[in-house]
Amino acid sequence: MVSDDLAEELEDVDFADAGNADDDGWETEDEMESEQDDSELTFSKHTGSVFCVGLDPATNSLAVTGGQDDRAYVWSVSDGDVLFECTGHKDSVTCAAFSGDSKLVVSGDMSGLIKVWKVESKEEIWSFEVGDLEWLEWHPCAPVLLAGTADGNVWMWKVPSGECKTFQGPNCQATRGKILPDGKRAIVGYEDGSLRLWDLKQGNAIYVIKGHDGHQGALTSLMCNKEGTLVLTGSVDGQAKLINTSTGKVLCSFSSESSEAKDSMQEQDSNSVESVGVVHLQWEEASAVVSTCNLAGVITLWDARSGVMMSEYRGHSAEILDFVLNRDASVAVTAGGDHKAKVFCLQRPDR
């Protein structure tokens, strides 16, 4: 997975010749303290890169983080106190999320071991093992889990009864999946660039988008509008596609190779503007503000109407691998390659 590749690349970096470092190639404590840190709180229990983070939807007061250290923690956003640890994983925890009612939390590792915990009792109530895990998602209205695996299968379980359905895709990774807001359908993207809309009750594919209409590379992202009528997809082929979920028709495609994009890149080069890779982005629900995190460890708020950067928040000493916003987008919780999760208060003039 991308997060593992990033962590492995950083492990091979030689820090020994870096300026302002001690004999071991790492910054001294005094120098670390002098670095800018805009966060309100730092969670430091993880001993490896933190790959994923989720917030409880009911109160936004609890976070769950999973990491390279084969551990997941449920902890308080206000003071960093650990409520409990999701124990028993033997591989990097790359998926962790609260159910829609915040009563359950799921943790899943790369090897395919999935565990569900009851938040109130802090006890494991269900587990299952699949093939190499790509993604996990809770149903928005029920204690139902959906998971995509490297062999192309999508699994659905009722928790904790364990009733199970499988949806067999092409013989390649089910790289991304999203349950639509109606709770009856899910759209899944695959490594071969195809998309399938599944009827979760009947277990059949309502339609398949592939070939010329599909992507020419693995799906990397899926997002739908609030009504679930439109889905926007992204892929390693540099294309984004807007799809009508009722008909399966591709309404339009956007390419990173457009003339406008090329002109913009040339303009940036001529002005010697340096940029770093965006890892993840999120829209604010009630505004035109989009938040991004990047490989430089920075959270940035942008005005999507003008493209103007509104504010930046720093504090991580490595890349940010995931982040989540609370309900009113006033708080961001981040997961970093520096073994830390952080809580940032996002200030805006209109707040």
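Hydrogens, waters and symmetry mates are skipped; everything else that's a heavy atom, side chains included, is used. Numbers here are sequence positions counted from 1.
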V154-I179 co-clustered via ILVMFWY side chain contacts under 4.5 Å = yes
key: Smallest separation among heavy atoms of S253 and K241, with atom names   = OG-NZ, 3.1 Å
task = Start with the C-alpha gap between D182 and R185, add the side-chain angles, then the distance that decides, and say whether salt bridge (Lys or Arg N to Asp or Glu O under 4.0 Å) holds.
result = CA-CA 7 Å; D182 62 15; R185 301 170 296 162; 2.8 Å; yes
inquiry  = If I take atom CG from residue L219 and atom CD from residue Q173, how far apart are they, to the nearest 0.5 angstrom?
reply    = 11.5 Å
ask   = Closest heavy-atom contact between I125 and P160?
value = O-CB, 3.9 Å
task = For the residue pair K45 and V82, establish whether any side-chain heavy-atom pair is separated by less than 4.5 Å.
result = yes
task = Kindly compute the distance separating CG (D56) from CZ (F98), expressed to the nearest 0.5 Å.
result = 5.0 Å
key: E312 atom CD, over 12 foreign heavy atoms within 6.0 Å   = yes
message = Between S44 and K340 (side chain of the first, backbone of the second, donor and acceptor by atom type, cut-off under 3.5 Å), is there such a pair?
response = no
remark   = Which of R176, K178, H215 passes side-chain hydrogen bond (donor to acceptor under 3.5 Å, both in side chains) with T233? It is H215
query = Do M223 and F254 belong to the same hydrophobic cluster, where Ile, Leu, Val, Met, Phe, Trp and Tyr are linked whenever their side-chain heavy atoms lie under 4.5 Å apart, directly or via other members?
reply = no
message = Between F128 and W155, does the ring pair (Phe, Tyr, Trp, His ring centres under 6.0 Å) criterion hold? Intermediate values first, please.
response = CA-CA 11 Å; F128 198 90; W155 297 73; 5.4 Å; yes
query = Any chance CD of E285 has more than 12 other-residue heavy atoms, nucleotides or ligands included, within less than 6.0 Å?
reply = no
query = So, R71 side chain and H89 main chain: donor-acceptor pair closer than 3.5 Å or not?
reply = no
request  = Determine whether C95 and V106 make a side-chain contact, defined as any pair of heavy atoms from C-beta on separated by less than 4.5 Å.
outcome  = no
inquiry  = Using only atom types and a distance under 3.5 Å, with no angle test, would you say the side chain of Q202 pairs donor to acceptor with the backbone of L200?
reply    = no
task = Go through the steps for N326 and L55 under the test side chain to side chain contact (heavy atoms under 4.5 Å, CB included), then give the verdict.
result = CA-CA 7 Å; N326 69 343; L55 273 177; 3.9 Å; yes
ask   = Should L180 and I206 be regarded as members of a common hydrophobic cluster, given that ILVMFWY residues are connected when their side-chain heavy atoms come within less than 4.5 Å of each other, either directly or indirectly?
value = yes
request  = Kindly work out whether a path of hydrophobic side-chain contacts (I/L/V/M/F/W/Y, heavy atoms less than 4.5 Å apart) joins L83 to V77.
outcome  = no
query = Does K342 pair with D37 as a salt bridge, N-O distance under 4.0 Å?
reply = yes
key: Heavy-atom side-chain contact between V53 and V64 under 4.5 Å   = no
message = Within a 6.0 Å radius of atom NZ on K165, are there more than 12 heavy atoms belonging to other residues, nucleotides or ligands?
response = yes
key: Exam field: side chain S235 to backbone A218, donor-acceptor pair closer than 3.5 Å   = yes
ask   = Once you round to the nearest 0.5 Å, how far does CG of L133 lie from CD of E129?
value = 11.0 Å
key: Heavy-atom donor-acceptor pair, D303 side chain to G307 backbone, under 3.5 Å   = no
ask   = Do S107 side-chain atoms and A72 backbone N/O form a donor-acceptor pair below 3.5 Å?
value = no
ask   = Any side-chain heavy atom of Q282 within less than 4.5 Å of one from V324?
value = yes
task = Assign the ring pair Y73 / H46 to parallel, tilted or perpendicular, where the plane angle (0 to 90°) is split at 30° and 60°.
result = perpendicular
ask   = So, do L145 and I114 sit near enough that their side-chain heavy atoms are less than 4.5 Å apart?
value = yes
Over 12 foreign heavy atoms within 6.0 Å of CD, E227 = yes
ask   = Distance-only, no hydrogens or angles: does the D109 side chain make a donor-acceptor pair with backbone N or O of V93 under 3.5 Å?
value = no
ask   = Do the side chains of W157 and V144 get nearer than 4.5 Å, heavy atoms only?
value = no
query = What's the verdict on side-chain hydrogen bond (donor to acceptor under 3.5 Å, both in side chains) for D91 and S111, showing C-alpha distance, side-chain angles and the deciding distance?
reply = CA-CA 6 Å; D91 204 343; S111 69; 4.5 Å; no
message = For T292, is there any backbone N or O sitting under 3.5 Å from a side-chain donor or acceptor partner on H280?
response = no
Smallest separation among heavy atoms of A174 and V188, with atom names = CB-CG1, 4.1 Å
ask   = Below 4.5 Å, heavy atoms only, C-beta onward: do T65 and W75 meet side chain to side chain?
value = yes
task = Would you give the length of the straight line joining atom CG of D328 to atom CG of N60, rounded to the nearest 0.5 angstrom?
result = 8.0 Å
query = Strictly under 6.0 Å, is that where the ring centroids of W126 and W117 end up?
reply = no
ask   = Hey, quick one: are V250 and L222 part of the same hydrophobic cluster, counting side-chain heavy atoms closer than 4.5 Å, chains of contacts allowed?
value = yes
request  = In sequence, state the C-alpha distance, the side-chain angles, and the governing distance for K118 and E123, and then conclude on salt bridge (Lys or Arg N to Asp or Glu O under 4.0 Å).
outcome  = CA-CA 5 Å; K118 192 171 183 178; E123 293 176 343; over 6 Å; no
task = Report the distance from atom OG1 of T149 to atom CG of D132, rounding to the nearest 0.5 Å.
result = 8.5 Å
ask   = Do side-chain atoms of T220 reach the backbone of G234 as a donor and acceptor pair under 3.5 angstrom?
value = yes
query = For N294 and I320, what are the C-alpha separation, side-chain angles and deciding distance, and is it a side chain to side chain contact (heavy atoms under 4.5 Å, CB included)?
reply = CA-CA 6 Å; N294 63 34; I320 298 175; 5.9 Å; no
key: Point-to-point distance, once rounded to the nearest 0.5 Å, from CG of L62 to OG of S76   = 6.5 Å
task = Could you tell me whether the side chain of N244 and the main chain of K249 form a donor-acceptor pair under 3.5 Å?
result = no
Heavy-atom closest pair, residues T166 and C164 = CG2-SG, 4.4 Å
Contact summary for F51 and T94, nearest pair of heavy atoms = CD1-CG2, 3.9 Å
query = Hey, is CG on N171 packed in by over 12 heavy atoms from elsewhere, all under 6.0 Å?
reply = no
request  = State, with a plain yes or no, whether a side-chain heavy atom of W138 is found less than 4.5 Å away from one of L104.
outcome  = yes
ask   = Of the non-hydrogen atoms in L325 and A332, which two are nearest, and what is the gap between them?
value = CD2-CB, 3.8 Å
inquiry  = Does R196 qualify as a cation-pi partner of Y190, given the criterion of NZ or CZ under 6.0 Å from the six-membered ring centre and within 45 degrees of its axis?
reply    = yes
